[in-house]
Amino acid sequence: DAKTTQPNSMESNEEEPVHLPCNHSTISGTDYIHWYRQLPSQGPEYVIHGLTSNVNNRMASLAIAEDRKSSTLILHRATLRDAAVYYCILRDRTSGTYKYIFGTGTRLKVLA
Amino acid sequence: DAGITQSPRHKVTETGTPVTLRCHQTENHRYMYWYRQDPGHGLRLIHYSYGVKDTDKGEVSDGYSVSRSKTEDFLLTLESATSSQTSVYFCAISSGSLNEKLFFGSGTQLSVL
């Protein structure tokens, strides 16, 4: 199964940028890199995903290394509402079907 | 928001009883997934489906079975519930295309006493 590695926890001050790293050294050529977050007492929600180029949307930016073995989720100005667990995952394609294996993610704490 | 409904939202049951959780989607997505979430373990894949009557095991499938008789419904059954199956269960769906996203339901809190 394709694996990702993330720090267990990170802290940020409110209104400062946050860079959440993820390593995925076993990534294959057509795997998209996905990021989801889970707010307290809610189901996970989509944040962003990308293949090779850096991606931006209204929630965040995704910076992908040139060799694609790592990526960084960037929250440009963290707010208290961004406190959540952030998951970096790859879609696994073994056996010809698609599945998503989550790790334990990075718990982001935002300090007021 | 993607149309995913999980039922029931909460359930309390006794050890040894059968339990069925339902995931219903209105997006006509090909893939459906069942995850469980326990403190300190993140989300773990139980079973998933890649089409009607097509299912496969995930990371923690022992003690669970699934069925998908139509595109919109994916059922998770605990044949004989145990206390170790007390957890929050999430359903997710995806289209199966290369450039897809996962959408999650709101979860079912299951307590097995």
Side-chain angles (χ1 to χ4, degrees), chain A residues 1-9 20 22 27-53 55 57-60 62 64 84-108, chain B residues 1-6 9-10 23 25 27 29-61 66 68 74 87-109:
Chain A
D1 291 350
K3 296 290 188 191
T4 62
T5 305
Q6 300 176 254
N8 288 332
S9 63
L20 299 169
C22 180
I27 192 169
S28 63
T30 55
D31 281 340
Y32 277 77
I33 301 156
H34 290 247
W35 284 83
Y36 293 82
R37 74 178 186 180
Q38 188 173 21
L39 303 171
S41 302
Q42 294 188 25
E45 64 176 354
Y46 169 81
V47 177
I48 200 167
H49 74 300
L51 184 60
T52 55
S53 305
V55 184
N57 65 22
R58 63 175 180 82
M59 289 180 71
L62 176 60
I64 301 172
V85 178
Y86 288 78
Y87 296 97
C88 165
I89 57 173
L90 305 177
R91 186 172 64 174
D92 183 88
R93 294 181 295 118
T94 54
S95 73
T97 57
Y98 300 133
K99 58 186 178 184
Y100 291 84
I101 304 299
F102 283 70
T104 52
T106 296
R107 182 173 298 278
L108 175 65
Chain B
D1 289 343
I4 309 172
T5 305
Q6 290 186 233
R9 292 295 312 277
H10 303 273
C23 179
Q25 61 144 330
E27 306 296 321
H29 278 356
R30 179 183 172 196
Y31 280 78
M32 298 184 77
Y33 306 85
W34 275 110
Y35 292 89
R36 63 176 288 175
Q37 186 168 39
D38 306 292
H41 286 279
L43 287 137
R44 291 183 290 176
L45 181 64
I46 305 171
H47 282 282
Y48 68 104
S49 169
Y50 46 96
V52 174
K53 295 190 183 346
D54 293 321
T55 65
D56 204 351
K57 296 179 180 180
E59 305 168 275
V60 290
S61 58
V66 290
R68 191 168 178 200
F74 191 33
S87 187
V88 180
Y89 292 85
F90 288 101
C91 174
I93 64 173
S94 68
S95 62
S97 64
L98 199 58
N99 188 14
E100 66 172 9
K101 306 172 189 177
L102 266 183
F103 297 97
F104 282 84
S106 300
T108 294
Q109 173 69 61

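A note on names: the letters A, B, ... follow the listed sequences, proteins ahead of strands, and every chain is numbered from 1.
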Parallel, tilted or perpendicular: ring planes of B:Y31 versus B:Y50, cut at 30 and 60 degrees: tilted
B:L43 versus chain A, the contacting section by heavy-atom distance below 4.5 Å: both
Separation of B:W34 CH2 from B:T55 OG1 (nearest 0.5 Å): 14.0 Å
Charged tip of B:K101 within 45° of A:Y46 ring normal and under 6.0 Å: yes
Chain A contact via B:D54 - side chain, backbone, both or neither, heavy atoms under 4.5 Å: neither
Toward chain A, the part of B:E100 with a non-hydrogen atom under 4.5 Å: both
Donor-acceptor contact present, side-chain B:Q6 to main-chain B:C91, <3.5 Å: yes
Spacing of OG belonging to B:S94 relative to NE2 belonging to A:H34, to within rounding of 0.5 Å: 8.5 Å
Most contacts with chain A, counted as non-hydrogen pairs under 4.5 angstrom, among B:G107, B:A92, B:S97: B:S97
Residue A:Y32 versus chain B: region with a heavy atom under 4.5 Å: side chain
